[in-house]
Amino acid sequence: MNQISDEGYITADGRKIGAVMMEMKNITLRFGGVKAITDISFDIRQGEIRAIIGPNGAGKSSMLNVISGFYIPQEGEVWFHGKKRAPMRPFQVAQQGIARTFQNIALFEGMSVLDNVMTGRLTHMKSGMLSQAIWKGKAEREEVANREVVEKVIDFLEIQAIRKTPVARLPYGLKKRVELARALAAEPKLLLLDEPMAGMNVEEKEDMSRFILDVNDEFGTTIALIEHDMGVVMDLSDRVVVMDYGKKIGDGTPDEVRNNQNVIDAYLGVAHD
Amino acid sequence: MPDQLLFGMEVFLNGLMAGVLYALVALGFVLIYKASGVFNYAQGVMALFAALTLVGIMEGQVPFAHLINATLGTEIHHFGWHLPGIVAILLTMGVMVLLAWAVNHFVMRHLVNQEPIILFMATIGLAYFMEGFGDLMWGSDIKKLDVGLPQGMSTVIDEVTYGWFGYGFFIDNLDIVATVIAALLVVALTIFSQYSKQGRALRAVADDHQAALSVGISLKFIWVLVWSIAGFVALVAGIMWGTKSGVQFSLSLIALKALPVLMLGGFTSIPGAIVGGLIIGVGEKLFEFIVGPMVGGATENWFAYVLALLFLVFRPQGLFGEKIIERV
Ligand SMILES: Nc1ncnc2c1ncn2[C@@H]1O[C@H](COP(=O)(O)OP(=O)(O)O)[C@@H](O)[C@H]1O
Ligand SMILES: [Mg+2]
């Protein structure tokens, strides 16, 4: 990797990474007496695939929850596109163009795949209740435009065959994919993925890796992901943050992180599933 | 046709009409329960409160008149206007939206993630508060409500049925109007929930809070929205019932009839609320007609609850609920 300048850097595979999009400054998060995150700072750059790794309970999900507004940190600042972000509710974060998936899948189980993905468009639906009633034409055009995006995402993730299936009937691996589809339908600037491959078999993992790379490549979406599988992380990500017991113990390219003694001791040395 | 059968048919039709009102109140329960998991005990009192407010606004009654006069020594009771029904209904709807906002802002917002039983108890408190508040605001006397709905026996039905059977059915015009309005309401709610942005968001919140937040839905907005819709449904029920039997405390007791309706229909099913309401309405009228005379009458007081009890024993998930299978 070239030296990182303010404008960005060129990755090993020749992709151009831009300026800082999201910056976490000295984040500390406590649950009662438990410190889930202790004074962590890192940034995510435009167009980058950024991984957060670490053993179970390290505070990775908590960090993602801070970014997406589900948790409010006691200390520290979140900067987005060069502006300090006031404490925000999750729905406001989503409206800023940050979409996410959950470690334990949060889908609308009672809806079809199509309806689930369609909810991803909610932040793009402008028409209010009154205008929908009065300007029927405008609302219809909007609906058509939204449907187009949704169909594109469904094709992209190869889930055409199950578009009408109720989500509750899908196997785990496909649910994960539908959740990704819903997040993509929002056409996010920043996509947060919490263990997108957890619990998948090898083939499903390969598919998911390919989708993540393709999303980044085709739409230029910036991605921050948490992953347990070291091999996958090393293949996918441009830069990696390593967490252990709520602290940051490493930050750099996969190669740098792999050779960091702290990381080897805390994480790579420890057997993991 | 034998007379008994004709009487029976008439009773059946009247039962359907009564069932529509039960269904309306049950619908209010289901909407809030689906979206927020709150069993809103205050739904019946909301209907009473809506009807009281409607009469008050229409008749130009000064709210809190007793309180004002007692503290200031004044003697004001009326603004001296009579508003047309439709204007008063719109204003009352505004009050119900305010109420929805207040309930969320002062009560429900602080109870997010609490046990269902806590939320339920909060709504019991709310019911008593609103009952007292309604009293204080509008007085506790029985009020006549007339927003211009047709009332009295439908001569058309009387004549048509007389032509067919040689026996004229007695069906109240008000019941017919109530049925039509309730049907329109259900159609409108269905269209709203299936096709509008807010309806989509509402279904999303009803399904999964966390997922709903992640796609940019404000839970607070949706909760105020459902409570407003429930307030609107309460207003419609309040108008029907109030027109029929006057606006008085007993109106809030129809909420108790909604309970067996919900046990039949399931707490989360809109079609369930409708069908459940109709079954209870028809069931209790027919039961009273057939069995009543043998047991000395007044079966309408308990029939619905016994039916609900039977359902609890043999089909606890209700008519339309998913079968409950215990995971072990
Ligand atoms: N909502 C919560 N309430 C209390 N403790 C929490 C909560 N979320 C996470 N924690 C705690 O924070 C620590 C980090 O958890 P988490 O962020 O889920 O770790 P990871 O995703 O790295 O496995 C754990 O000790 C966990 O128990
Ligand atoms: Mg986690």
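So you know, we letter chains A, B, ... as the sequences are listed, proteins then strands, and number each from 1. Just so it is clear, the model here is predicted, and its values are computed rather than measured. Side chains are part of it too, since the values below use all heavy atoms of this structure and drop only hydrogens, waters and symmetry mates.
- Heavy-atom distances place the side chain of A:Glu143, and not its backbone, under 4.5 Å from chain B.
- Comparing A:Ser68, A:Gly69, A:Pro90 by heavy-atom pairs within less than 4.5 Å of chain B, the highest count is held by A:Pro90.
- With a 4.5 Å cut-off on non-hydrogen atoms, B:Ala212 touches chain A through its backbone and its side chain both.
- Counting heavy atoms from C-beta outward, A:Leu174 and A:Val113 have side chains that stay 4.5 Å or more apart.
- Contact annotation: the side chain of B:Thr53 never approaches that of B:Leu99 to less than 4.5 Å [non-hydrogen atoms, C-beta and beyond].
- Looking at A:Phe108, the atoms closer than 4.5 Å to chain B (heavy atoms on both sides) sit in the backbone and in the side chain alike.
- Taking the six-membered ring where tryptophan is involved, the planes of B:His209 and B:Trp223 are perpendicular, since the angle between them exceeds 60° and thus also 30°.
- Proximity of a side-chain donor or acceptor of B:Arg109 to a complementary backbone N or O of B:His105 within less than 3.5 Å is detected.
- Using a distance-only test at 3.5 Å, with no hydrogens or angles considered, a donor-acceptor pair links the side chain of B:Lys34 to the main chain of B:Thr268.
- Of the two parts of A:Arg182, only the side chain, counted from C-beta on, holds a non-hydrogen atom closer than 4.5 Å to a non-hydrogen atom of chain B.
- A:Asn116 does not touch chain B: none of its heavy atoms, backbone or side chain, sits under 4.5 Å away.
- Contact count versus chain B (heavy atoms, under 4.5 Å) is highest, among A:Ala94, A:Ala99, A:Ala106, for A:Ala106.
- Heavy-atom distances place both the backbone and the side chain of A:Leu122 under 4.5 Å from chain B.
- Side-chain contact between A:Met118 and A:Met125: present, with at least one pair of heavy atoms (C-beta onward) separated by less than 4.5 Å.
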